[in-house]
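The structure appears below as structure tokens.
Numbering starts at 1 and runs along the sequence shown. Given the structure is predicted, the values throughout are model-derived calculations rather than measurements.
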Amino acid sequence: MTKFKPAQGLSNNHLQSMLSSSGPRKYFEKRRANQLLCLAKQHIITTPQGVRLEGFLSRNNTTTPSKGLAVILHGWEGCADSLYVLSSGQKLLDAGYDVFRLNFRDHGDTHHLNAELFNSSRLEEVAEAVKYLCHHFGGNHNVLCGYSLGGNFCLRVANTAKSAGIALHQAIAICPVLHPTTTMAELSAGFPLYEQYFVAKWKRSLVKKLRYYPQLGYGKALKKLKTLDEMNLFFVDRYTNFTSRDEYFEAYSVVDAGLSQLAIPTTIITSEDDPMIPPGHLAQLHQSQWLTIDLQAKGGHCAFIKNWKFESWASERIAQLVE
């Protein structure tokens, strides 16, 4: 497949990044994903530990047998209906796969399902959900895809797939978080709209959580927290088992030996101009015969918008890779 080359006027990495999940793309992407959405059936998965996660299964309704199951993971404060999820989901459905769009804990409209707060170290529940899905809905070729933080989860699930008995055959991570400490620093010190965006979305999510679990008791403190740094320090200290923010970030880092147990074909698609995830950390990943890096010059963060119809090159690339 040719390298990603955006149409004239779409080269700016910030424009690309903002278009990936907002703006006029909503109209086009929801129309293109009409079949995916019409076929979707809600499922609530309960893990062996009692965690409940919601998702939506779209079965391929052609007469040809399904090629397998594609599970898609959204990014932080995204959801199963995020535009990049819908885009890749429809492409995978068109390619002959059944598609399951999984919501993380406290994402989408799932704040009522679990008493404890989401944090990015909660790998076990996501891995158990993927294992369940592959067992109950999987086929000859099961694929896990993830974007941004979902890409990070995708890589960590792929790393444990063999030892955990997860029937996965391929993993594809788009602009995955590699080194959380660096990503948070980029969000805090970079283009200010990104930090404002995530602070606002995270706060809305936390307020929604309090409606169901007021005993969590952080309401008054939340109003005073203004930055990602302040929010991370507050919530890591009081609502996780980690002793520091740095310890928490390291718990879901995938650099150094983080991917040393990979045993399925795994591809990272990312861009040199990603404003949140510098490509320098790619060199710090564990070298493996199972890992392929697809590094593009342009694309922003989880975007790769190729034209003014707001179509995604990354979604087409994913469909090509599963073939």
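Remark: Q287 CD is loosely packed, at most 12 non-hydrogen atoms of other residues, nucleotides or ligands lying under 6.0 Å away. Within 6.0 Å of atom CG in D109, 12 or fewer heavy atoms from other residues, nucleotides or ligands are found, so the atom counts as exposed in its surroundings. Dense packing is recorded around CD of E230, with more than 12 heavy atoms of other residues, nucleotides or ligands lying under 6.0 Å away. Atom NZ of K201 has more than 12 heavy atoms from other residues, nucleotides or ligands within 6.0 Å. Under a cut-off of 6.0 angstrom, the local environment of NE2 in H136 is crowded, with over 12 non-hydrogen atoms contributed by other residues, nucleotides or ligands. Counting non-hydrogen atoms of neighbouring residues, nucleotides and ligands closer than 6.0 angstrom, the CD atom of Q49 exceeds 12 such neighbours. Summarising the local packing, NZ of K208 is surrounded by more than 12 heavy atoms from other residues, nucleotides or ligands at distances under 6.0 Å.
V157 places a side-chain heavy atom less than 4.5 Å from the side chain of L123. Contact of the S253 side chain with the E250 side chain is registered, since non-hydrogen atoms from C-beta on lie closer than 4.5 Å. Residues L225 and V199 fail the side-chain proximity criterion, which asks for heavy atoms closer than 4.5 Å.
Judged purely by atom type and a 3.5 angstrom limit, N142 has no side-chain atom pairing as donor or acceptor with the backbone of L168. S188 places no side-chain N or O within 3.5 Å of a backbone atom of A185 that could act as its donor or acceptor partner. Between the T110 side chain and the L113 main chain, no donor and acceptor come within less than 3.5 Å of each other.
For H111 and Y212, the distance between ring centers is not under 6.0 angstrom. Aromatic ring centroids of H74 and Y147 lie 6.0 Å or more apart. Ring centroid separation for the pair F153 and F104 comes in under the 6.0 Å cut-off. Here the two rings, on Y194 and Y197, have centers that are 6.0 Å apart or farther. In summary, the aromatic rings of Y239 and Y218 are positioned with their centroids under 6.0 Å apart.
Evaluation of the salt bridge (charged side-chain N to carboxylate O under 4.0 Å, His left out) rule for D256 yields no partner, not counting sequence neighbours. Applying the salt bridge (charged side-chain N to carboxylate O under 4.0 Å, His left out) rule to E311 yields no partners; only residues at least two apart in sequence or on another chain are considered. Partners of K306 under the salt bridge (charged side-chain N to carboxylate O under 4.0 Å, His left out) rule, at least two apart in sequence or in another chain, are E316.
Side-chain atoms of Y84 and S148 form no donor-acceptor pair, as typed in the model, at a separation below 3.5 Å. A donor-acceptor contact under 3.5 angstrom links the side chains of E54 and N103, judged on distance only. At a cut-off of 3.5 Å, with distance as the only test, a side-chain donor of D273 or S271 sits close to an acceptor on the other residue. Under the 3.5 Å distance criterion, with hydrogens and angles disregarded, a donor-acceptor pair is assigned to the side chains of Q90 and Q35.
Note that OG1 of T160 is 10.0 Å distant from CD of Q261, once rounded to the nearest 0.5 Å. To the nearest 0.5 Å, the span separating CZ on R317 from CD1 on I172 amounts to 8.5 Å. One finds the CD1 atom of I293 at 5.5 Å from the CG atom of L285 (value rounded to the nearest 0.5 Å). The NE2 atom of H169 sits 7.5 Å away from atom NE2 of H141, with the distance rounded to the nearest 0.5 Å. For the atom pair CG (L93) and CG (L86), the distance works out to 12.0 Å, reported to the nearest 0.5 Å.
Of the charged side-chain nitrogens involved, at least one lies within less than 4.0 Å of a carboxylate oxygen, so that R122 and E116 count as a salt-bridged pair. R245 has a carboxylate O that lies under 4.0 Å from a charged side-chain N of D229, or vice versa, which qualifies the two as a salt bridge. For R32 and E29, the salt-bridge test passes: some basic side-chain N is under 4.0 Å from an acidic carboxylate O. Classification of R101 and D81 as a salt-bridged pair holds, one side-chain N sitting under 4.0 Å from a carboxylate O. Between R204 and E77 no salt bridge is recorded (no basic side-chain N to carboxylate O distance below 4.0 Å).
Annotation for P180 and F249: closest pair CG-O, 3.3 Å, computed over non-hydrogen atoms. Looking at every heavy atom in both residues, C145 comes nearest to I318 through SG-CG2, 3.9 Å. Residues C134 and L69 approach most closely at N-CD2, 4.2 Å, considering heavy atoms.
Judged by a 6.0 Å distance limit and a 45° cone about the ring axis, R25 is not positioned over the six-membered ring of F28.
Note: W76 and F198 have parallel aromatic rings, judged against thresholds of 30 and 60 degrees for the angle between ring planes.
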